[in-house]
Amino acid sequence: MKSIKSYIIILAACLPLLFSCSDFLDKEPDTELDMENVFNDKTHVEQWLANVYSAIPDCYDGYIFDLGWMILGDDATIPERYRQFGNQIIPMILGEWTPASDWNGNYWALLPQRIREANIFREKAHALTDQDISEREMTYMKTECRFMQAYYYYLLANTYGPIPFKPDYVWPVNASLSDMMETQTPYEDVTGPCCRSASARPTSSARRRTPSPTRTSRSVR
């Protein structure tokens, strides 16, 4: 009898925990972010656009330590003691690498993600006049995304040569791997459209609160 009473007491103590867990798991719909919620909120819209820019290479440390262009191209040298800081370029110079070696540039994995985000922005984003994003401002934002899409494709083509090229298409999230197997597009057929897209960028960045590409910017390199 005593053991039965003990079980009843333990069960009674655990019931509030079970209900509280149920309340935690039953989230309200407005706590879940989806595309509609993201593009109806100014902060999320600006965060999305900022993330599109996030894969721009660092033209100093990035070119030396991550991409390695300056070192691998014999335009600069660095002491071997930099290996202790995790520099991956020094082993490559010394031939200590294989096709499976990591590369901090990681263009093949990173840039298609940013291209997809730029395309989704152009497709889904819209003016939020009640949150200080006018139609004109949104047009500028979408033009910036088009520029960044072209820039990232240009980096891919410059690095790998012929690449899969379907610039304005957003693959469905449930697309199969076989559906996404695109043939390689020749280098010239990638860089030509990219340069034309880059030339369509806005004439002035004065309306932006942060720097952005303009026609007076340097050409894509």
Side-chain angles (χ1 to χ4, degrees), residues 29-60 62-63 66-67 105-159 163-175 180 182 185 189-221:
D30 60 1
T31 64
E32 300 294 331
L33 275 180
D34 56 20
M35 289 293 183
E36 183 178 357
N37 290 334
V38 167
F39 290 113
N40 281 331
D41 181 83
K42 176 184 177 181
T43 299
H44 292 317
V45 166
E46 292 179 340
Q47 288 173 343
W48 189 291
L49 180 61
N51 200 53
V52 170
Y53 277 86
S54 66
I56 295 176
D58 182 336
C59 61
Y60 181 67
Y63 274 30
D66 293 327
L67 302 175
N106 205 24
Y107 278 179
W108 196 255
L110 179 63
L111 297 188
Q113 295 176 14
R114 299 296 172 264
I115 290 169
R116 177 180 174 83
E117 289 167 5
N119 287 341
I120 291 175
F121 190 98
R122 292 169 57 205
E123 180 181 294
K124 302 287 188 182
H126 54 84
L128 299 170
T129 53
D130 59 330
Q131 299 179 52
D132 195 30
I133 298 182
S134 64
E135 292 285 354
R136 179 180 176 84
E137 178 75 4
M138 181 52 63
T139 299
Y140 282 132
M141 289 180 169
K142 290 187 176 184
T143 304
E144 290 171 26
C145 282
R146 184 172 180 81
F147 175 86
M148 294 309 302
Q149 174 222 64
Y151 177 55
Y152 290 147
Y153 267 124
Y154 189 87
L155 292 179
L156 282 170
N158 260 0
T159 304
I163 58 171
F165 185 60
K166 202 168 184 178
D168 297 320
Y169 186 74
V170 178
W171 290 101
V173 294
N174 59 349
M180 293 187 290
E182 286 289 316
T185 301
D189 293 339
V190 174
T191 56
C194 287
C195 290
R196 288 191 291 274
S197 293
S199 67
R201 56 195 185 276
T203 55
S204 172
S205 61
R207 86 290 168 198
R208 298 289 297 148
R209 291 170 289 280
T210 55
S212 57
T214 69
R215 290 184 186 176
T216 56
S217 305
R218 293 185 63 187
S219 300
V220 175
R221 295 192 184 279

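Remember, it's a predicted structure, so these values are computed and weren't measured experimentally.
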**Student:** Output the distance between atom CD (E117) and atom NZ (K124), rounded to the nearest 0.5 Å.
**Tutor:** 14.5 Å
**Student:** H126 and M138: which non-hydrogen atoms are nearest, and at how many Å?
**Tutor:** O-CE, 3.1 Å
**Student:** Can you name the closest pair of heavy atoms from A55 and L111 and give their distance?
**Tutor:** CB-CD2, 3.8 Å
**Student:** Mind running side chain to side chain contact (heavy atoms under 4.5 Å, CB included) on E144 and V52 for me, showing each step along the way?
**Tutor:** CA-CA 9 Å; E144 290 171 26; V52 170; over 6 Å; no
**Student:** So, for I163 and A157, which heavy atoms are closest and what is the spacing to 0.1 Å?
**Tutor:** CD1-N, 4.0 Å
**Student:** Applying the side chain to side chain contact (heavy atoms under 4.5 Å, CB included) test to I133, which of R136, E135, E137 qualifies?
**Tutor:** E137
**Student:** Show, in sequence, the C-alpha distance, side-chain angles and deciding distance for L156 and V190, and conclude whether the side chain to side chain contact (heavy atoms under 4.5 Å, CB included) test is met.
**Tutor:** CA-CA 9 Å; L156 282 170; V190 174; over 6 Å; no
**Student:** For the CD1 atom of I115 and the CG atom of D168, what is their distance to the nearest 0.5 Å?
**Tutor:** 11.0 Å
**Student:** Would you compute the distance between atom CZ of R114 and atom OH of Y151 and round it to the nearest 0.5 angstrom?
**Tutor:** 14.0 Å
**Student:** Applying side chain to side chain contact (heavy atoms under 4.5 Å, CB included), run through I56 and M148 and close with a yes or a no.
**Tutor:** CA-CA 9 Å; I56 295 176; M148 294 309 302; 3.5 Å; yes
**Student:** Between atom CZ of F147 and atom OH of Y152, what is the distance when rounded to the nearest 0.5 Å?
**Tutor:** 10.0 Å
**Student:** Looking at N37, is its backbone amide N or carbonyl O close enough to the side chain of D41 to form a donor-acceptor pair, meaning the two atoms are under 3.5 Å apart?
**Tutor:** no
**Student:** Who pairs with A175 by side-chain contact (heavy atoms from CB on, under 4.5 Å), at least two apart in sequence or on another chain?
**Tutor:** W171, P172, M180
**Student:** So which atom in G105 and which in L67 form the shortest heavy-atom distance, rounded to 0.1 Å?
**Tutor:** CA-CD2, 3.5 Å
**Student:** Of the non-hydrogen atoms in C145 and A118, which two are nearest, and what is the gap between them?
**Tutor:** O-CB, 3.6 Å
**Student:** Between H44 and V38, which heavy-atom pair has the shortest distance, and what is it?
**Tutor:** CB-O, 3.4 Å
**Student:** Return yes if some donor-acceptor pair links the side-chain N/O of Q149 with the main-chain N/O of P167 below 3.5 Å, else return no.
**Tutor:** yes
**Student:** List for me each residue that meets side-chain hydrogen bond (donor to acceptor under 3.5 Å, both in side chains) alongside Q131, sequence neighbours excluded, and say none if there are none.
**Tutor:** none
**Student:** Please work out whether the ring planes of Y153 and F165 are parallel, tilted or perpendicular, with thresholds of 30° and 60°.
**Tutor:** perpendicular
**Student:** List the steps and the verdict of side chain to side chain contact (heavy atoms under 4.5 Å, CB included) for F121 and V45.
**Tutor:** CA-CA 8 Å; F121 190 98; V45 166; 3.8 Å; yes
**Student:** With side chains defined as the heavy atoms from C-beta onward, is the minimum distance between N158 and Y107 less than 4.5 Å?
**Tutor:** no
**Student:** Count the heavy atoms of every other residue, nucleotide or ligand shown that sit under 6.0 Å from NZ of K166, and state whether that count exceeds 12.
**Tutor:** yes
